[in-house]
Amino acid sequence: MLRAVRFRYDIPVTRLLPFLAWLPKASRHTLRADAMAGLIGAVIVLPQGVAFATLAGMPPEYGLYAAMVPAVVAALFGSSFHLVSGPTNALSILLFAQLAPLAEPASAEYVQLALTVTFLTGAMQLTLGIAGMGVLVNFISHSVIIGFTAAAGLLIIASQLSNFFGASIPRGSSFFEILRVFVGRVASGEINWIVTSVAVFTIAIAIATRRFYPKFPYMIVAVVAGSLFGAAMQWLFGRQLGELPKLGAISGALPPLSAPDLSLEGIHHALPIALGMTILGLTEALSIARAIAVRSGQRIDANQEFIGQGLSNLAGSFFSAYPSSGSFNRSGVNYEAGAATPLSPVIAAGLLIVFVLAVAPLFTHLPIAVMAAILFLVGYGLIDVEHVRQVARTSRREGAIMLATLLTGLLVDLEFAIIAGVLFSLIVYLHRTSQPLIMDVKPDPAPDSYHFTADSGLPDCPQVKIVRVNGSLYFGAVDHVTRAFANFDPQQKHLLMTASGVNFIDVAGAEMLVAEARRRRALGGGLYFYRVKDEVRRLLERGGYLTALGPENLFPVKHRVIATLYPRFDVEICRRCRLRIFAECQEYLPDGQRRSDVPSRS
């Protein structure tokens with residue numbers, strides 16, 4: 001019923017208010033699943049929000065603010081059922097790197113600049129969504145998503161090694177630097193065994209609960225059990241093994257109303273930073289949404305996701321939030337926890353407010369090792385081993401793209417991995433399309449057939465080369481096709497190209513064909529085409545290339561091309577030829593004379 005309602009310009013109401021498409025379908029079952037997932041999400045974002053805000057140079061509470069209003073708006077106006085928006089590692093690092101030279105981190109001026117960046121980022125993201133630029137996400141291939149997801153999973157695990165084992169690892173280290181330092185800590189015995197035991201116990205409880213009691217919210221069970229086990233271990237062995245690190249106190253406050261600085265000076269300082277935030281935020285959100293959609297089977301509307309992210313940042317700028325985007329950690333947890341609809345991020349934001357206001361002191365006793373164990377499970381769940389094997393078996397090229405994306409994420413930067421993966425995909429695509437298939441064909445020997453086939457078993461005619469070109473004739477393919485044409489037997493002065501496999505041609509391709517036609521006319525032959533598609537013909541006509549090629553040299557489907565070309569062949573060559581692969585040359589020469597070795601019918 002809702003889908004039938006239309007506003008002006010024939011825009012469906014569910015396009016303007018996308019939550020109306022799924023909200024009426026919510027049930028007690030989905031609400032229960034979303035509530036469980038939201039509870040886990042609220043617990044997860046507590047330490048993350050504080051950590052990311054510190055990383056961004058913002059006061060700690062601003063990380064929690066970024067997980068409240070922006071998360072709700074993105075969930076209601078986006079298209080993904082599982083994407084959770086809020087503060088992210090990448091955006092926090094980028095914001096600090098760009099704003100630190102302009103203002104003192106955590107100062108009022110710094111916060112004001114961050115709010116302006118948030119507003120402009122949202123405005124640009126919303127504009128791109130309304131303009132329908134979500135099509136750009138189509139350049140992110142399935143192999144790139146798998147590699148990106150695996151890299152994210154490994155980075156999440158690596159980032160939690162210090163919390164999981166109680167080992168001291170410098171923050172901000174690269175993936176392989178973390179591994180190197182961690183191995184050194186293990187070798188020197190610098191492992192806190194009370195921390196490790198709590199983390200391992202939490203994982204064991206989670207795995208056991210998921211396997212034997214699948215209806216139970218295994219993450220919540222694991223968090224509670226891990227916390228109780230940590231308290232017991234601290235009471236029994238705290239003196240011998242040391243203190244168990246806890247989450248610590250969180251100040252409770254609702255996000256205050258705020259306003260970005262939209263003066264010319266404020267926009268001048270914030271606009272370049274917002275542009276980078278826009279690109280990175282959209283790339284991050286769409287990559288995460290598509291990665292999870294691969295597993296959930298949901299179809300993502302990229303334009304709607306752009307709109308959701310834009311509106312979330314616009315709203316966030318008025319509720320003390322710095323730029324937000326999709327979070328791999330929390331989105332992965334949301335999916336793994338069984339979220340059914342976008343209500344789960346809404347519930348998570350509501351619970352986060354409750355936690356911050358009312359029960360924040362209870363989280364003081366939550367062991368960080370328990371959170372590390374939960375994130376270990378999330379990271380492992382993002383590594384889709386079966387899909388990795390399938391891609392590697394199916395295509396070496398796709399496997400190389402997947403591996404390149406994975407290694408870029410681990411060696412360089414997770415967000416740059418998407419850009420690198422797209423570039424690798426385009427390079428592979430251009431390389432493949434730059435070498436269109438050029439195959440020898442002959443007339444189909446079947447009676448009354450108009451077709452040309454590669455399976456006739458007939459030899460080449462000494463005077464005409466017949467080829468089928470499968471692929472686009474564009475600037476990248478010109479050199480390959482030109483070299484192939486130049487390598488044909490020079491005695492074959494005529495070239496017939498069956499063009500039904502050519503879907504696209506550009507100016508460079510058209511000029512290449514004209515040059516080939518002139519070259520062959522100079523040799524005494526010609527260039528001819530059979531079954532040229534309408535779009536290709538229209539381009540040749542618009543550019544004047546058809547006149548140079550000769551309209552009479554383009555033959556339509558079911559035309560007897562060889563019958564038309566045969567009179568143009570060299571009579572003496574045909575007289576000596578014994579191949580006679582065409583029906584037209586069996587009895588008569590190109591000038592119409594009867595062959596001397598063919599008995600007269602009279």
Side-chain angles (χ1 to χ4, degrees), residues 39-55 60-61 63-64 89 155-173 178-179 181-210 217-252 329-330 333 337 351-352 355-356 358-380:
L39 177 58
I40 287 291
V43 173
I44 292 292
V45 80
L46 275 171
Q48 281 192 347
V50 173
F52 289 160
T54 304
L55 194 61
E61 61 272 16
L64 300 178
N89 194 353
L155 286 171
I156 289 172
I157 292 173
S159 69
Q160 296 301 315
L161 284 174
S162 61
N163 295 329
F164 194 95
F165 293 95
S168 175
I169 299 176
R171 284 186 61 183
S173 301
I178 290 173
L179 294 185
V181 173
F182 174 69
V183 170
R185 297 287 187 266
V186 173
S188 61
E190 298 179 36
I191 297 296
N192 189 325
W193 291 108
I194 188 172
V195 171
T196 305
S197 63
V198 170
V200 170
F201 179 82
T202 302
I203 285 183
I205 291 296
I207 294 174
T209 304
R210 190 174 186 180
Y218 71 95
M219 288 189 178
I220 294 180
V221 172
V223 168
V224 174
S227 300
L228 294 175
F229 182 77
M233 291 292 291
Q234 186 71 64
W235 182 65
L236 292 172
F237 307 107
R239 293 182 180 178
Q240 296 90 342
L241 298 178
E243 187 69 22
L244 181 65
K246 304 293 198 313
L247 186 61
I250 297 176
S251 60
N329 282 348
R330 298 188 296 281
V333 167
L351 291 175
L352 178 60
F355 292 159
V356 171
V359 297
L362 296 179
F363 285 86
T364 303
H365 307 290
L366 180 65
I368 292 177
V370 171
M371 303 306 301
I374 295 298
L375 292 174
F376 254 54
L377 292 172
V378 171
Y380 177 77

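Only this structure's heavy atoms are used, side chains among them; waters, hydrogens and symmetry mates stay out.
Side-chain N or O atoms of T209 include none that pairs as donor or acceptor with a backbone N or O of A206 at under 3.5 Å.
The two residues A53 and P60 come nearest to each other via the heavy atoms CB-O, 3.5 Å. Taking every heavy atom of both residues into account, L352 and L64 meet most closely at CD2-O, 3.8 Å. Closest of all the heavy-atom pairs between V198 and G230 is CG2-CA, 3.6 Å. Residues S188 and R185 come closest through the heavy atom pair OG-O, 3.1 Å. A225 approaches I205 most closely through the heavy-atom pair CB-CG2, 3.9 Å. When all heavy atoms of N163 and A372 are compared, the pair lying nearest together is CB-CB, 3.6 Å.
The CD1 atom of I40 lies 11.0 Å from the CG atom of L351; values are rounded to the nearest 0.5 Å. We find the CD1-CZ distance between I44 and R330 to be 9.5 Å, quoted to the nearest 0.5 Å. Taking CD1 from I368 and CD from Q160, the interatomic distance works out to 9.5 Å, rounded to the nearest 0.5 Å. A distance of 7.0 Å separates CZ of F164 from OG1 of T196, quoted to the nearest 0.5 Å. With rounding to the nearest 0.5 angstrom, the OG1 atom of T202 is 6.5 Å from the CD1 atom of I374.
Side-chain contact between S168 and S162: absent, with no pair of heavy atoms (C-beta onward) separated by less than 4.5 Å. Within the 4.5 Å cutoff, the side chain of F229 has no heavy atoms near those of the P367 side chain. Using a 4.5 Å cut-off on side-chain heavy atoms (C-beta onward), L179 and L161 make contact. Between L366 and V43, some side-chain heavy-atom pair lies under the 4.5 Å cut-off. Residues V200 and F376 have side chains not in contact (no heavy-atom distance under 4.5 Å, counting atoms from C-beta outward).
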